[in-house]
Participant: 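Okay, here's the structure, questions in a sec.
The structure displayed is predicted, hence computed values, not measured ones. Note on naming: letters A, B, ... go to the chains in the order of the sequence lines (proteins, then strands), and numbering restarts at 1 for each one.
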Number of protein chains: 2
Amino acid sequence: MAMSGKPSETVIRAWARLLRAQRLALADVEAALKKAGLPPLIWYDALLEIERAGENGVRPFELERAMLLAQYNLSRLLDRIEHEGYIEREAARDDGRGRIVRMTEKGRAMRRKMWPVYARAIETVIGRSLTSEQVAALDGALGSLIEGLTR
Amino acid sequence: MAMSGKPSETVIRAWARLLRAQRLALADVEAALKKAGLPPLIWYDALLEIERAGENGVRPFELERAMLLAQYNLSRLLDRIEHEGYIEREAARDDGRGRIVRMTEKGRAMRRKMWPVYARAIETVIGRSLTSEQVAALDGALGSLIEGLTR
DNA sequence: TGTATATAGATGCATATGCATTGACATGCG
DNA sequence: CGCATGTCAATGCATATGCATCTATATACA
């Protein structure tokens with residue numbers, strides 16, 4: 001598997017491109033959402049995770065891990081989303097320290113509204129410039145990368 | 001080349017992984033720099049670009065494009081870097097609106113000091129989990145992606 | 001030439017993020 | 001049980017980023 005010692009030119013270039021591609025792509029997607037008058041991307045991620053949790057809701061610390069967010073950032077993100085009425089927080093019954101986050105109907109509606117715009121932006125950003133073989137290669141390599149970073 | 005309409009499952013997964021891989025990798029690299037008591041990654045990028053410009057220096061608007069930074073963010077980044085004495089700014093002789101950014105010796109020293117830490121972090125993050133074939137595939141796919149996003 | 005428009009860069013103000021700490025409860029262990 | 005230690009979540013304060021605007025100069029063109 002791995003290489004060792006100092007990074008090869010290809011590794012360095014791949015690194016630089018990872019940063020650059022993500023920045024460019026993310027900027028386009030965020031711009032599409034903003035242009036449509038919708039909340040930022042991270043709200044979508046949060047709403048999706050929370051909606052998936054269903055009736056039982058999710059604990060913030062679970063969201064924190066799923067979304068790779070720092071605890072204080074998640075706490076404040078939830079403040080903002082709750083303030084717009086898309087979620088509700090209540091005390092966890094089985095853990096006096098904890099909270100339960102649940103979707104509201106308004107939140108479900110917003111997530112549904114965001115998806116088409118988001119999906120179109122993803123397709124524009126990824127699908128437009130890559131063949132399906134390239135997408136598969138990218139997906140595979142990123143999968144390995146994530147696996148390596150998560151372990 | 002491209003696909004059309006709604007994004008396929010693979011496109012969506014590749015998108016999600018692009019975000020996730022970049023976040024994980026970047027967090028590791030930033031942590032390595034911080035642990036070594038060094039400035040954040042973006043300072044390295046700036047110092048490298050400015051050093052490359054040599055004696056003649058660079059105009060901020062050129063850096064802005066090279067680094068994909070918003071104008072006001074670059075302006076303030078340069079404030080901070082200048083405040084540490086790593087660069088100098090002066091009025092551009094041939095354009096009364098403009099400035100010239102130049103490296104100081106202290107700045108060169110800092111960039112040199114950062115590189116080994118940064119390089120080791122890149123190697124750890126990319127090289128550790130991917131074979132050189134996978135790195136090449138990733139690099140190639142990201143290259144196409146960037147090309148598509150830049151055009 | 002004179003006036004409109006565009007570009008370079010800085011900055012006030014609002015929002016978001018990072019860091020450190022706190023308050024509240026849970027868990028482990030003598 | 002009683003205390004030390006760990007975990008969950010929120011928050012005060014500092015720093016960074018986004019947005020809108022401003023100043024100054026350059027460029028285009030009537």
Participant: When the distance from NE2 of A:His83 to C1' of C:dT15 is rounded to whole Å, what number comes out?
Facilitator: 14 Å
Participant: Quick one: label B:Asp79 by what it contacts on the DNA or RNA (base, sugar-phosphate, nothing), any heavy atom closer than 4.0 Å.
Facilitator: nothing
Participant: Are OP1 or OP2 of D:dA9 and a side-chain N or O of A:Arg59 less than 4.0 angstrom apart?
Facilitator: yes
Participant: Could B:Asp28 and B:Lys35 be called an ion pair, given the rule that one side-chain N must be under 4.0 Å from one carboxylate O?
Facilitator: no
Participant: Verify the contact: side-chain N or O of B:Arg89 to OP1 or OP2 of C:dG9, cut-off strictly under 4.0 Å; return yes or no.
Facilitator: no
Participant: Does B:Arg108 come within less than 4.0 Å of B:Glu105, counting only side-chain N to carboxylate O?
Facilitator: yes
Participant: So, taking the atom named CE in A:Met103 and the one named CD in A:Glu55, what distance separates them when rounded to the nearest 0.5 Å?
Facilitator: 12.0 Å
Participant: Should A:Tyr72 be listed as having a side-chain N or O under 4.0 Å from OP1 or OP2 of C:dC19?
Facilitator: yes
Participant: Starting from the 5' end of DNA chain C, give me the residue, B:Lys34 or B:Gln71, whose nearest nucleotide shows up first.
Facilitator: B:Gln71
Participant: Counting just side-chain N and O atoms, does B:Arg80 come under 4.0 Å of either OP1 or OP2 of D:dT15?
Facilitator: no
Participant: Nearest-Å distance, CZ (A:Phe61) to P (D:dT7)?
Facilitator: 11 Å
Participant: Are any of B:Arg65's side-chain N or O atoms less than 4.0 Å away from OP1 or OP2 of C:dA8?
Facilitator: yes
Participant: Quick one: CG on B:Leu33 to OH on B:Tyr118, what's the gap to the nearest 0.5 Å?
Facilitator: 8.0 Å
Participant: Could you give the CD-to-P distance, from A:Glu62 to D:dT7, as a whole number of Å?
Facilitator: 16 Å
Participant: Rounded to the nearest Å, what distance is computed from the CD atom of residue B:Glu64 to the P atom of nucleotide C:dT7?
Facilitator: 12 Å
Participant: Provide, to the nearest angstrom, the distance between the CZ atom belonging to B:Arg93 and the P atom belonging to C:dA8.
Facilitator: 18 Å
Participant: Does the side chain of B:Glu49 come within less than 4.5 Å of B:Arg52's, by heavy atoms?
Facilitator: yes
Participant: In whole angstroms, how far is the P atom of D:dG18 from the CD1 atom of A:Ile42?
Facilitator: 13 Å
Participant: For C:dG9, does either OP1 or OP2 sit under 4.0 Å from a side-chain N or O belonging to B:Arg76?
Facilitator: no
Participant: A:Asn73 CG to D:dA16 P: how many Å, rounded?
Facilitator: 15 Å
Participant: Side-chain N or O of A:Arg97 less than 4.0 angstrom from OP1 or OP2 on D:dG6?
Facilitator: no
Participant: Measure from CG on A:Leu77 to P on C:dG18 and round the result to the nearest Å.
Facilitator: 12 Å
